[in-house]
Chemist: 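Provided herewith is a single structure, encoded as structure tokens, for subsequent inquiry.
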Amino acid sequence: MNKYKIIFVDIDDTLNPSNGKVSDYTKEVMKKIKDKGIKIVVNTGRSAQYAVAKSKEAGLSNIIISSNGSEIYNYEEDKIIYSNPIPNNEIKDIYNYCQSLNITLILNTIKNRYINKLDYNYNSEPVEYFEDIDKLLEETQVNQMIILSDNYDRMLVIPNLFKEKFPKLKVVHSSIALIEQTRIKNKEYYHDLAYGNVAKSTGIVELLDYFNIEPEEAIAIGNGYDDICMMDVVKTGIAVENANDQLKEVADIVTESSANDGVAKILSKLILEEN
């Protein structure tokens with residue numbers, strides 16, 4: 001009997017190259033693991049819609065963790081397992097702040113994404129323009145906000161500024177260029193905002209409790225700074241070769257890169273070839 005019961009895996013630059021397709025080999029390995037009764041759960045900072053699409057593409061389990069651990073969703077049953085909404089007054093304050101400085105704001109909900117600017121494309125995820133923040137907040141619940149700007153100096157100081165202006169909000173993840181303080185020409189920088197102390201590890205802890213699974217029976221796999229916290233709440237933490245050095249230092253295993261199907265190869269070794 002396999003000692004693992006659940007696997008938590010990041011998407012871009014982990015399960016697949018950034019904004020790329022999941023390989024046929026990875027899909028084949030994931031199917032074999034699922035056939036053993038092991039759950040494979042997407043755990044991402046991206047929106048629920050993107051997480052669901054990638055989970056379906058790779059043939060993973062029907063539960064996703066999205067928006068940096070602030071929501072857990074069973075998309076086959078249309079059931080919200082966990083949600084950590086941002087209070088409306090906090091959203092409106094951030095919205096007004098962004099409007100005053102011409103900063104782009106994206107609001108993540110489980111069913112949709114909304115943006116405060118027309119004709120704007122940030123990434124491949126679909127997004128809907130909103131004009132009336134009060135009307136929007138009457139109709140939906142926001143679990144994560146993303147602020148974007150090409151003003152490097154402003155974005156660099158925002159985390160400290162927000163600690164004073166919005167102390168209950170957390171900058172849960174940021175552009176690598178901001179984390180490493182590297183200015184890049186023509187770059188648009190981002191900060192992901194959530195409420196309270198949520199992180200990708202929050203989603204893992206919630207699901208382990210939900211399924212009554214022990215940390216020793218779980219694997220977490222990632223590549224980014226926001227994946228470091230995942231390694232603290234499971235027994236086996238895995239980093240892909242293209243991960244940052246900090247993550248590789250705390251991971252138990254470093255596998256091949258996302259471009260070389262590192263996730264599928266290490267899981268095949270740990271689970272499919274165990275006997």
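In this chain, residues are counted from 1 in sequence order. The analysis underlying the following values was restricted to heavy atoms, covering all of them including side chains, and did not include hydrogens, waters or symmetry mates.
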Chemist: Taking T202 for its side chain and A199 for its backbone only, find out whether a donor-acceptor pair lies under 3.5 Å.
Modeler: yes
Chemist: Closer than 4.0 angstrom, basic N to acidic O: yes or no for R183 and D153?
Modeler: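 A salt bridge links R183 with D153.
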Chemist: Decide whether Y225 and E180 meet the rule of one side-chain donor and one side-chain acceptor closer than 3.5 Å.
Modeler: yes
Chemist: Taking the side chain from N43 and the backbone from K200, do they hold a donor-acceptor pair closer than 3.5 Å?
Modeler: yes
Chemist: Just wondering, more than 12 heavy atoms not from K265 lying within 6.0 Å of its NZ?
Modeler: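 Result for NZ/K265: enclosed.
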Chemist: May I ask you to say whether E90 pairs ionically with K168, meaning some side-chain N is under 4.0 Å from a carboxylate O?
Modeler: no
Chemist: Could you state the interatomic distance from CG (L148) to CD1 (I115), rounded to the nearest 0.5 Å?
Modeler: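 The CD1 atom of I115 is 7.0 Å from CG of L148, to the nearest 0.5 Å.
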Chemist: Can you list the residues that meet the ring-ring contact (aromatic ring centres under 6.0 Å, His included) rule with Y82, with sequence neighbours excluded?
Modeler: none
Chemist: For D93, does its backbone N or O pair with a side-chain atom of N96 as donor and acceptor, under 3.5 Å?
Modeler: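 No: the side chain of N96 does not pair with the backbone of D93.
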Chemist: Could you tell me if Y4 and T236 have a donor-acceptor pair between their side chains, going purely by distance under 3.5 Å?
Modeler: yes
Chemist: Distance-only, no hydrogens or angles: does the S149 side chain make a donor-acceptor pair with backbone N or O of N151 under 3.5 Å?
Modeler: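 Yes, the answer is positive, given that a donor and an acceptor are paired below the 3.5 Å cut-off.
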Chemist: Are the aromatic rings of Y195 and F166 close, with centres under 6.0 Å apart?
Modeler: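 Ring-ring flag for Y195/F166: false, centres at least 6.0 Å apart.
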Chemist: Look at the side chain of S23 and the backbone N and O of T26, then say whether any donor-acceptor pair between them is shorter than 3.5 Å.
Modeler: yes
Chemist: Less than 3.5 Å apart, any donor N or O on the side chain of N16 or S258 sitting next to an acceptor on the other?
Modeler: no
Chemist: Answer yes or no: does atom CD1 of I253 have more than 12 heavy-atom neighbours from other residues, nucleotides or ligands under 6.0 Å?
Modeler: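 Yes, CD1 of I253 has more than 12 neighbouring heavy atoms, counting only those of other groups under 6.0 Å.
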Chemist: Checking side chain to side chain donor-acceptor pair (under 3.5 Å) for the pair K39/S61: CA distance, chi angles, key distance, verdict?
Modeler: CA-CA 6 Å; K39 296 176 175 62; S61 299; over 6 Å; no
Chemist: Looking at M155, is its backbone amide N or carbonyl O close enough to the side chain of H191 to form a donor-acceptor pair, meaning the two atoms are under 3.5 Å apart?
Modeler: yes
Chemist: Under 3.5 Å, is there a donor-acceptor pair between the side chain of T109 and the main chain of N112?
Modeler: yes
Chemist: Applying ring-ring contact (aromatic ring centres under 6.0 Å, His included), can you list everything that pairs with Y189, at least two apart in sequence or on another chain?
Modeler: Y152
Chemist: Membership question, hydrophobic clusters at under 4.5 Å side-chain separation (ILVMFWY): are V250 and V234 in the same one?
Modeler: no
Chemist: May I ask you to decide whether K54 forms a salt bridge with E57, counting only side-chain N to carboxylate O separations under 4.0 Å?
Modeler: yes
Chemist: Determine yes or no for a side-chain-to-main-chain donor-acceptor pair under 3.5 angstrom, with D261 supplying the side chain and A264 the backbone.
Modeler: no
Chemist: To the nearest 0.5 Å, how far apart are CG in N143 and CG in L193?
Modeler: 13.0 Å
Chemist: Count the heavy atoms of every other residue, nucleotide or ligand shown that sit under 6.0 Å from NZ of K32, and state whether that count exceeds 12.
Modeler: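 No, not enclosed.
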Chemist: Is there a side chain to side chain donor-acceptor pair (under 3.5 Å) between N62 and N74? Walk through the geometry before answering.
Modeler: CA-CA 6 Å; N62 61 339; N74 183 325; 3.1 Å; yes
Chemist: Scan side-chain atoms only and decide if Q144 and S70 contain a donor-acceptor pair under the 3.5 Å cut-off.
Modeler: no
Chemist: Would you find more than 12 non-hydrogen atoms of other residues, nucleotides or ligands less than 6.0 Å from N212 atom CG?
Modeler: no
Chemist: What residue among D12, D226, D13, D10 forms salt bridge (Lys or Arg N to Asp or Glu O under 4.0 Å) with R46?
Modeler: D12
Chemist: With rounding to the nearest 0.5 angstrom, report the CG to CG distance, L137 to D132.
Modeler: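 CG of D132 is found 9.0 Å from CG of L137.
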Chemist: Is the side chain of D227 donor-acceptor paired with the backbone N or O of N223 at a distance under 3.5 Å, no angle test?
Modeler: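 Checked: pair present.
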Chemist: Is the backbone of I106 close enough, under 3.5 Å, to the side chain of K117 for a donor and an acceptor to pair up by distance?
Modeler: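 No; judged by distance alone, with no hydrogens or angles, the pair does not exist.
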Chemist: Quick test of your reading of the model: are K5 and E214 salt-bridged, counting only N-O distances below 4.0 Å?
Modeler: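 Result for this pair is no, no salt bridge flagged.
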Chemist: Distance only, no hydrogens: is a donor on one side chain within 3.5 Å (strictly under) of an acceptor on the other, for S66 and E71?
Modeler: yes
Chemist: Step through it carefully: locate the ring centre of Y114, locate the ring centre of Y95, and say whether they are under 6.0 Å apart.
Modeler: no
Chemist: Q99 and N116: side-chain donor and acceptor closer than 3.5 Å?
Modeler: yes
Chemist: Would you call D192 and K170 a salt bridge, taking side-chain N to carboxylate O under 4.0 Å as the test?
Modeler: no
Chemist: Treat each ILVMFWY residue as a node, draw an edge where side-chain heavy atoms are under 4.5 Å apart, and state whether I64 and L267 are in one component.
Modeler: yes
